[in-house]
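Reminder, nothing fancy here: chain letters follow the sequence lines and each chain counts from 1.
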Amino acid sequence: MTKGLTGWSLRLALIAALLLVWEALTVLLKVPSFILPAPSQIFIALYRGLSTGIYAEHILVTLWETLLGFALGATLALVLGTALALSRRVEYFVYPLIVMFQAMPKVALAPMIVVWFGLGLTSKVVSAALVAFFPLMVNTVVGLRSVDEDRINLMRSLAASHRQIFTMLLLPNALPYIFAGLEVAMVFALIGAIVAEFIGAQAGLGMLIQSMNSTLDVAGQFSILLILSLIGVSLNSCVVAVRRRVLFWDRPRDLLAPSSTSSGRTT
Amino acid sequence: MNEVVAERLGSGVAALSAIGVRDLDVCFGSDQPVVALDKITFDVADGEFLAVVGPSGCGKSTLLKVLAGLLAPTAGHVSLRGEVVSRPRRDIGVVFQSPVLFPWRSVMENALLPADVIGLTGPAITSRTQALLNLVGLAGFEKRYPRELSGGMQQRVGIVRALVHNPSVLLMDEPFGALDALTREIMNRELQRIWLEERKTVLFITHSIAEAVYLADRVLVMTPRPGRVALEVRVDFPRPRPLSVVNTKEFGAHVARIRDVLDASGGIE
Ligand SMILES: Nc1ncnc2c1ncn2[C@@H]1O[C@H](COP(=O)(O)OP(=O)(O)OP(=O)(O)O)[C@@H](O)[C@H]1O
Ligand SMILES: [Mg+2]
């Protein structure tokens, strides 16, 4: 217990020390704030943005784009991944296209997506979905295919239908892979949304960064970066929380723990 | 050498044997075919416990897969109660070398897998499963998950699962191969007890000569490349057999005879 507490205070002390050094250096070396703002300036910008309610509106826009894009990309990835894993014919025809797409940096498509789908919500959702799609699709295919042959034989020996083999064996067996894919997809969706906002948008944190850049408000940009990383972390922990509930039988992290009975660990 | 040494064919075999294997050939691969099984013929009577021993690679698992309907024979056929096996059937229970439990199912849910697949629900099947779990000494572990069980306990869940849907035939592929010697002896004794209660027809595959002689009414000895039945031994010890039966002279004689045949064909293990 005390070990955990000292661990936490050590971490906080480390961060505080880093911020202090940063603050001191910017003051001592007289770094102009449009190059590198001091932490105090960043926190002031953050406070101003939040207290006036300006950030809140843009946070909601970006969050909404990200979640919609994630939902769309994840749905498509699960459906297509399943089709690819289960059908040789689908794999034969679709796989070359996927390999081509996979090699391409998806963010390079963002300008075209904005041209095609406009400055509003749609282009951001499409961009987020596109970036989120691939890691999850690949994991879905790998997960569905990673089934042990004895387990398949067991199901077949019971004269199980294809549907039963899928729902009772393949799907639960693939879930650890699928959740790993969902974790990545969630963070990728945020990236996709921000990139599309950079290209052209009427609202959102990405657009806010762009407009602050034109007024050399670097402290403001840093404050938004802070918000973005907080959003990323919280979205990711939502997925992890769901994973914990669904995948109660699969605890890969516990493999590293010295004893499986102790619960008061710090990670 | 490779002639089938049929000691005594049971009187009722000609009627309707539980398992019938006729001139079974299985080859793998087309350009350089491996003959896994070569002209195998034998019967298993209803309620009989038959053990198959043989060295690694002599086609024991292949034989089991054909009997379970998981693999089509190259030539010949196998039948269950006179019906030719062409695909998996639900009146067979299979126990694999590893427990093959699903980690997302509790002990009870794993044991009930065949019932779920077949669509058996209701209190009767649940109480039967509970009774079987009690029989193998797993009472109180119903809600545990496989990762919380020892290897021997997991294998016992696998055995219960093979019995839950009340199949008439039980196929077991080296079910205790991964266990330590002590646990293995205990499992042998328990399997005998279960068999005496359930009276299934059992085909039991093993590497261990002693295990085969201890458990079986009859032992088939197979030799590899190509897989053939080299010897058939009837074991007549009264049941239930105590573990100490392995120390008797007759037991030693059976083991020695089987070992001789295996040694002559290149040895076991
Ligand atoms: N799917 C397969 N494709 C090609 N060859 C196979 C296949 N399965 C088995 N064989 C070959 O058939 C022969 C018999 O294999 P089998 O698994 O039946 O042996 P076994 O007696 O069960 O051995 P073990 O005791 O090690 O389990 C072996 O020579 C093996 O290489
Ligand atoms: Mg085998």
Side-chain angles (χ1 to χ4, degrees), chain A residues 78 82 139-140 142-182 240-263 265, chain B residues 61-62 64-72 85-107 109-120 143-149 154 157-158 161-165 167 169-175 178:
Chain A
L78 288 172
T82 306
N139 271 33
T140 306
V142 173
L144 288 173
R145 292 227 170 126
S146 72
V147 61
D148 181 54
E149 198 185 331
D150 272 351
R151 288 184 180 170
I152 289 276
N153 275 337
L154 169 68
M155 292 301 282
R156 283 185 54 213
S157 78
L158 293 165
S161 65
H162 287 292
R163 192 203 187 90
Q164 285 175 323
I165 293 180
F166 182 76
T167 56
M168 290 179 167
L169 173 57
L170 296 186
L171 192 58
N173 189 65
L175 279 180
Y177 294 84
I178 289 177
F179 269 97
L182 284 172
V240 171
V242 175
R243 173 212 184 110
R244 285 247 165 87
R245 303 215 75 189
V246 178
L247 288 185
F248 59 91
W249 73 86
D250 180 69
R251 300 267 158 74
R253 266 160 253 248
D254 285 2
L255 288 176
L256 298 173
S259 119
S260 57
T261 48
S262 74
S263 50
R265 279 185 304 112
Chain B
S61 298
T62 306
L64 181 128
K65 280 188 191 141
V66 176
L67 285 168
L70 296 171
L71 183 71
V85 174
S86 54
R87 67 184 117 92
R89 299 167 47 138
R90 286 172 169 172
D91 51 354
I92 303 178
V94 184
V95 183
F96 296 90
Q97 178 158 7
S98 59
V100 206
L101 302 181
F102 294 174
W104 51 87
R105 285 179 165 246
S106 66
V107 165
E109 289 164 344
N110 266 294
L112 279 169
L113 181 78
D116 289 349
V117 170
I118 295 171
L120 304 169
K143 296 207 167 71
R144 299 298 189 87
Y145 283 82
R147 67 191 149 93
E148 302 171 283
L149 305 184
Q154 294 189 13
V157 179
R161 183 184 54 201
L163 291 168
V164 152
H165 51 305
V169 172
L170 194 56
L171 304 176
M172 308 179 86
D173 190 356
E174 298 186 42

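A pairwise comparison of heavy atoms in Gln164(A) and Asp116(B) identifies NE2-O, 4.0 Å as the closest pair. The two atoms that bring Leu113(B) and Leu154(A) nearest to each other are CD2-CD2, 3.8 Å, heavy atoms only. Scanning both residues, Trp249(A) and Pro103(B), for their nearest heavy atoms gives CB-O, 3.3 Å. Here the shortest heavy-atom pairing between Arg156(A) and Leu70(B) reads NH2-O, 3.2 Å. Summarising the geometry of Ser157(A) relative to Pro88(B), their closest heavy-atom pair is O-CB, 3.8 Å, with the distance given to 0.1 Å.
In this structure, CZ in Phe102(B) is found 5.5 Å from CE in Met155(A), a value given to the nearest 0.5 Å. Expressed to the nearest 0.5 Å, how far NZ of Lys65(B) lies from CG of Asn153(A) amounts to 6.0 Å.
The greatest number of non-hydrogen atom pairs below 4.5 Å with chain B, out of Ser161(A), Ala160(A), Pro172(A), is found for Pro172(A). Contacts with chain A were tallied for Pro114(B), Ala68(B), Pro167(B); Pro114(B) has the most, counting heavy-atom pairs under 4.5 Å.
Side-chain contact between Asn173(A) and Trp104(B) is present, with heavy atoms from C-beta onward closer than 4.5 Å.
Of the atoms belonging to Arg147(B), it is side-chain heavy atoms, and not backbone ones, that fall under 4.5 Å from chain A. Of the atoms belonging to Leu101(B), it is backbone heavy atoms, and not side-chain ones, that fall under 4.5 Å from chain A. Neither the backbone nor the side chain of Leu175(A) comes within contact range of chain B; no heavy atoms are under 4.5 Å apart. The part of Arg105(B) that comes within reach of chain A is its side chain, from C-beta onward, which places non-hydrogen atoms under 4.5 angstrom from that chain.
A side-chain donor-acceptor contact under 3.5 Å links Arg90(B) to the backbone of Ala159(A).
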